[in-house]
Amino acid sequence: MEAGNSGRRSQGSKESGAAAAGNRLRVLLAERREYRQRWWAHARRRHGNDISYSGVAQVIALHLWDTGLRADTDRELPRKLRDRVRQALLGSQLTHETITWFLESFEFSAEDAREVWDAFSGSSVIDLKGGGITFTLRNPPVAMIQPQGHRTTALFSRYYISADRSLRRIENSHVIVAVQDGLESFAYSPRDTVTSVESVVGGTFYRFHPSSPGYVGIELRLDRRLTENEYSSLQYATLHRATPDPCVHVRRAARKRIDNVDMRVIFEATAPRRAWWCVWDDYSGPEPVRKVPVGISLDREMHQFIPYMEQAVVGFQWEW
């Protein structure tokens with residue numbers, strides 16, 4: 001695999017990423033027969049190859065009703081979604097949540113979904129040939145603080161490294177689906193440098209739990225109780241205390257499969273001399289089993305997208 005350059009990530013490039021992703025969505029919805037048939041069936045007015053915003057909005061509304069993301073009593077939902085669909089396909093306003101709605105409502109293939117995510121976030125710094133990372137763990141993972149009653153269909157993590165070279169903040173955004181009835185909480189075990197949990201959307205911070213040495217359990221209570229196959233969006237941030245030694249890596253572990261994993265590291269003051277995208281065989285193992293050089297953008301950011309991971313630990317490592 002060859003390393004690439006993630007390029008400059010200024011505000012202008014982020015806007016062009018939204019435009020590129022919107023354009024890719026538009027092309028796929030117009031040219032892929034299986035996607036086109038879905039919105040065409042709900043189009044009020046049909047003008048040649050022009051996409052019907054109302055037809056697309058209806059397809060997304062049906063998905064949101066079916067998955068419980070929106071109440072099925074909200075019969076005005078398609079109308080409310082129409083402007084959001086229009087702005088997304090024009091690339092003027094596009095979010096992670098909106099992209100996820102498109103991909104799941106129209107059941108995009110893994111290859112098509114990867115094209116959209118790459119357009120939105122910028123091409124992955126490493127060409128992974130469209131593959132995921134699975135079953136790299138050689139040692140038992142960190143103990144779960146409660147049984148996992150969900151699977152993750154999209155995960156976006158942003159790691160902020162402060163001027164004193166410490167991990168200051170992690171922002172996470174999940175799309176989860178219940179795998180059994182009665183799902184009421186979400187839990188995981190990050191490093192024990194966590195001091196607080198804030199900015200929770202889709203749930204409420206409930207409590208810390210004891211976990212394996214070096215880790216702490218975090219439990220969030222969801223806004224609503226999910227039945228099997230119901231979806232929910234969850235966003236939260238963790239704040240971290242400074243450590244005596246500078247931060248030289250960030251990792252994301254997956255026990256069960258996680259789809260559409262997007263990781264970004266933002267250095268707020270000084271960028272490291274060199275960095276790598278890595279795969280580990282242990283939650284706490286010092287040396288990665290796979291290590292590929294990556295570029296750092298002029299905005300002092302590193303980025304990687306992978307379509308899925310399972311029983312694996314991935315992340316970035318760097319030298320100051």
Inset, instruction - With sequence neighbours excluded, give me every ring-ring contact (aromatic ring centres under 6.0 Å, His included) pair touching residues 170-203. - result: His150-Phe186, His174-Phe186, His174-Tyr236, Tyr188-Tyr236
Legend entry - Other cluster members, Tyr206 - Ile/Leu/Val/Met/Phe/Trp/Tyr, side-chain contacts below 4.5 Å: none
Inset, instruction - Could you tell me whether Glu31 and Arg36 make a salt bridge, using a distance below 4.0 angstrom between a side-chain N and a carboxylate O? - result: no
Legend entry - CA sep, side-chain torsions, deciding dist, call: Arg169, Glu198, salt bridge (Lys or Arg N to Asp or Glu O under 4.0 Å): CA-CA 10 Å; Arg169 178 184 180 91; Glu198 65 175 28; 2.4 Å; yes
Legend entry - Test log, rule side chain to side chain contact (heavy atoms under 4.5 Å, CB included), inputs Tyr283 and Val313: CA-CA 7 Å; Tyr283 277 45; Val313 181; 3.8 Å; yes
What heavy-atom pair brings [X] and [Y] nearest, and what distance separates the two atoms?
X	Y	result
Pro190	Ile218	CG-CD1, 3.6 Å
Ser52	Gly55	OG-N, 2.9 Å
Gln317	Cys278	CB-SG, 3.7 Å

With a 3.5 Å cut-off and sequence neighbours excluded, list the donor-acceptor pairs that the side chains of residues 58-65 form with protein atoms.
{"residue": "His63", "atom": "NE2", "partner": "Glu104", "partner atom": "OE1", "Å": "3.4"}
{"residue": "Trp65", "atom": "NE1", "partner": "Ala71", "partner atom": "O", "Å": "3.2"}
{"residue": "Trp65", "atom": "NE1", "partner": "Asp74", "partner atom": "O", "Å": "3.4"}

Inset, instruction - Apply side chain to side chain donor-acceptor pair (under 3.5 Å) to the pair Tyr35 and Asp112, showing each step before the final yes or no. - result: CA-CA 11 Å; Tyr35 309 150; Asp112 290 342; 2.7 Å; yes
Inset, instruction - Before giving the answer on salt bridge (Lys or Arg N to Asp or Glu O under 4.0 Å), spell out for Arg38 and Glu107 the whole-Å C-alpha distance, their side-chain angles and the decisive distance to 0.1 Å. - result: CA-CA 10 Å; Arg38 295 197 177 203; Glu107 297 183 358; 3.0 Å; yes
Mind checking what makes side chain to side chain contact (heavy atoms under 4.5 Å, CB included) contact with [X], not counting sequence neighbours?
X	answer
Arg207	His209, Glu219
Arg300	Phe267, Ala271
Glu268	Tyr160, Ser162, Arg168

Legend entry - From CA spacing to verdict: ring pair (Phe, Tyr, Trp, His ring centres under 6.0 Å), Phe316, Trp276: CA-CA 6 Å; Phe316 293 97; Trp276 300 266; over 10 Å; no
Legend entry - Step-by-step side chain to side chain contact (heavy atoms under 4.5 Å, CB included) determination, Leu29 to Trp39: CA-CA 8 Å; Leu29 290 173; Trp39 62 260; 4.0 Å; yes
Do [X] and [Y] have side-chain N/O donor and acceptor atoms under 3.5 Å apart?
X	Y	value
Asn172	Ser157	yes
Arg84	Thr98	yes
Asp83	Tyr53	no

Close side-chain approach of [X] and [Y], heavy atoms under 4.5 Å:
X	Y	value
Val294	Trp318	no
Lys256	Thr152	no
Asn260	Phe305	yes
Asn23	Leu90	no
Val289	Trp280	no

Legend entry - Heavy-atom neighbours of Arg273 CZ exceed 12 at 6.0 Å: yes
Give, for atom [atom1] of [X] and atom [atom2] of [Y], the distance between the pair rounded to the nearest 0.5 Å.
X	Y	atom1	atom2	answer
Leu226	Ser185	CG	OG	10.0 Å
Ile258	Thr153	CD1	OG1	10.5 Å
Glu171	Tyr159	CD	OH	11.5 Å

Inset, instruction - Is it possible for you to check whether Arg257 lies under 6.0 Å from the centre of the six-membered ring of Tyr308, through NZ or CZ, and within 45° of that ring's axis? - result: yes
Legend entry - Residues Arg165, Asp245; criterion side chain to side chain contact (heavy atoms under 4.5 Å, CB included); working and verdict: CA-CA 9 Å; Arg165 300 183 177 182; Asp245 298 321; over 6 Å; no
Legend entry - CA sep, side-chain torsions, deciding dist, call: His42, Trp40, side chain to side chain contact (heavy atoms under 4.5 Å, CB included): CA-CA 5 Å; His42 300 285; Trp40 184 263; over 6 Å; no
Inset, instruction - Indicate if Leu183 and Val200 have the same hydrophobic cluster label, given that clusters are the connected sets of ILVMFWY residues with side-chain heavy-atom separations under 4.5 angstrom. - result: yes
Inset, instruction - Using the rule that two of Ile, Leu, Val, Met, Phe, Trp, Tyr join whenever any of their side-chain heavy atoms come within less than 4.5 Å, decide whether Leu239 and Ile161 are in one cluster. - result: no
